[in-house]
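Take a look at the structure set out below.
Read the numbers this way: they start at 1 and go in the same order the structure lists the ligands and their atoms. Index from 1, following the sequence. Everything numeric here is computed off the predicted structure, so don't read it as measured data. Just so it is clear, the values below take in all heavy atoms, side chains as well, and ignore hydrogens, waters and symmetry mates.
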Amino acid sequence: MARRNWTHEELLLAFNLYCKLPFGLYHNRNPDVIALSHLIDRTPSAVAMKLSNFASFDPIHQSRGIKGLSNTSLADGLAWEEFTSDWDKAIWESELLLARMTNGNIDSANPELSDEFAEFDVPDIDVTQVERITKVRVGQNFFRKTVLANYGSQCCICKMPIPPLLIASHIIPWRDREDLRLNPHNGLCMCVFHDKVFDAGYLTVDEEYRIVVSRQIFEYLPNDSVEMNVARHHRNKILLPDKFLPSQDFLKYHADTYFLAR
Ligand SMILES: [Zn+2]
């Protein structure tokens, strides 16, 4: 059978799966890999290989000495550049494509959308507004799936593993940088408790990925709960993701802007 080049749409779908699937699952027996292979009429091995190719462009793997595979192509590299330079566009386009190809409904594929949407008085909403709400929901769902997958569904501070209690937390909040709201380098997986502690500035993460606890927390000691849940993490390294390492610039911004340093 003649080799068929990957189309832009196929690369986009593979990139979408690359983000949402933990690194260890890029193999031809994974059900998500098999599902995509059926969708685009390729073998599961070809899809798994494409995911591994994308991994070789991810700086986190380059820094671990994982070399680019010999069959990565210029097209793969260009696609990687394109998708990671405009997250909003890549996510929206790939999710729309996925919904269309699976005859799925983009609203039901992004469950919170229906709930939020129900709060609006539909006749008063013009198409632009509906599309805006849909886009926000699609983006939030994608960001959450990606961040949880990256951290093996564990809090990066305490390793708590219960998904309904995990948040895809932003290092730089939406209100400060809307352009970073879907960028996984701006995400940390945290339990609901540590998400609040981080947001309030009682702890931050330094540029070497060590947890720094505010002096204001130590003022509550001795106290078993404060010791157990916050103080003991001081100077420990966070659990690092298996792709899309948190940006050191974004961490520095959090430390400079929100951390209660005194
Ligand atoms: Zn936690």
Side-chain angles (χ1 to χ4, degrees), residues 19-25 58 60-61 63-64 87 110-112 115 137 139-177 180-262:
C19 294
K20 289 196 253 180
L21 205 59
F23 181 66
L25 299 182
D58 193 327
I60 193 171
H61 295 121
S63 70
R64 285 175 183 167
W87 286 97
N110 293 276
E112 292 101 313
D115 294 346
R137 279 295 168 194
Q140 283 174 342
N141 274 277
F142 183 97
F143 185 76
R144 177 177 167 81
K145 277 183 203 154
T146 297
V147 171
L148 263 64
N150 289 351
Y151 288 84
S153 292
Q154 293 182 61
C155 172
C156 71
I157 306 288
C158 69
K159 302 194 171 67
M160 207 285 301
I162 304 172
L165 302 181
L166 291 173
I167 308 272
S169 190
H170 289 91
I171 300 171
I172 300 185
W174 283 43
R175 61 180 179 273
D176 292 11
R177 288 281 302 271
L180 296 180
R181 65 186 178 169
L182 301 181
N183 183 333
H185 295 286
N186 190 35
L188 289 172
C189 183
M190 290 192 182
C191 66
V192 286
F193 176 71
H194 285 120
D195 173 66
K196 290 284 181 202
V197 176
F198 183 77
D199 268 0
Y202 285 119
L203 73 75
T204 194
V205 177
D206 73 13
E207 289 162 72
E208 286 166 359
Y209 305 110
R210 280 189 309 257
I211 298 157
V212 184
V213 173
S214 167
R215 282 189 216 170
Q216 293 192 25
I217 285 291
F218 292 102
E219 286 169 13
Y220 290 94
L221 295 175
N223 173 288
D224 287 350
S225 175
V226 174
E227 167 58 28
M228 192 60 188
N229 295 308
V230 192
R232 78 182 165 98
H233 297 296
H234 187 56
R235 309 308 290 166
N236 287 349
K237 268 206 160 185
I238 60 164
L239 175 72
L240 288 172
D242 64 19
K243 51 189 184 292
F244 304 128
L245 207 53
S247 154
Q248 290 164 323
D249 291 342
F250 304 162
L251 290 171
K252 185 172 184 321
Y253 179 93
H254 181 270
D256 292 345
T257 313
Y258 292 104
F259 181 56
L260 300 170
R262 57 186 94 235

Vertex the Zn ion (ligand 1), rays to ND1 in His194 and SG in Cys158 - rounded to 10°: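 ND1 of His194 and SG of Cys158 make an angle of 110° at the Zn ion (ligand 1), to the nearest 10°.
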
Vertex the Zn ion (ligand 1), rays to SG in Cys155 and SG in Cys191 - rounded to 10°: 110°

Taking every non-hydrogen atom, the tightest pair across Lys159 and Leu239: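 So the minimum-distance heavy-atom pair works out to CE-CD1, 4.2 Å.
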
The Zn ion (ligand 1) to nearest N/O/S of Cys156 less than 2.8 Å: no

Identified side chain to side chain contact (heavy atoms under 4.5 Å, CB included) partner of Val213 from the options Asn236, Leu260, Val226, Val230: Val230

Residue pair Ile157 / Phe193, side-chain heavy-atom distance below 4.5 Å: no

Side chain to side chain donor-acceptor pair (under 3.5 Å) partner of Tyr258, chosen from Asp176, Asp199, Thr204: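 The side chain to side chain donor-acceptor pair (under 3.5 Å) with Tyr258 is passed solely by Asp176 among Asp176, Asp199, Thr204.
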
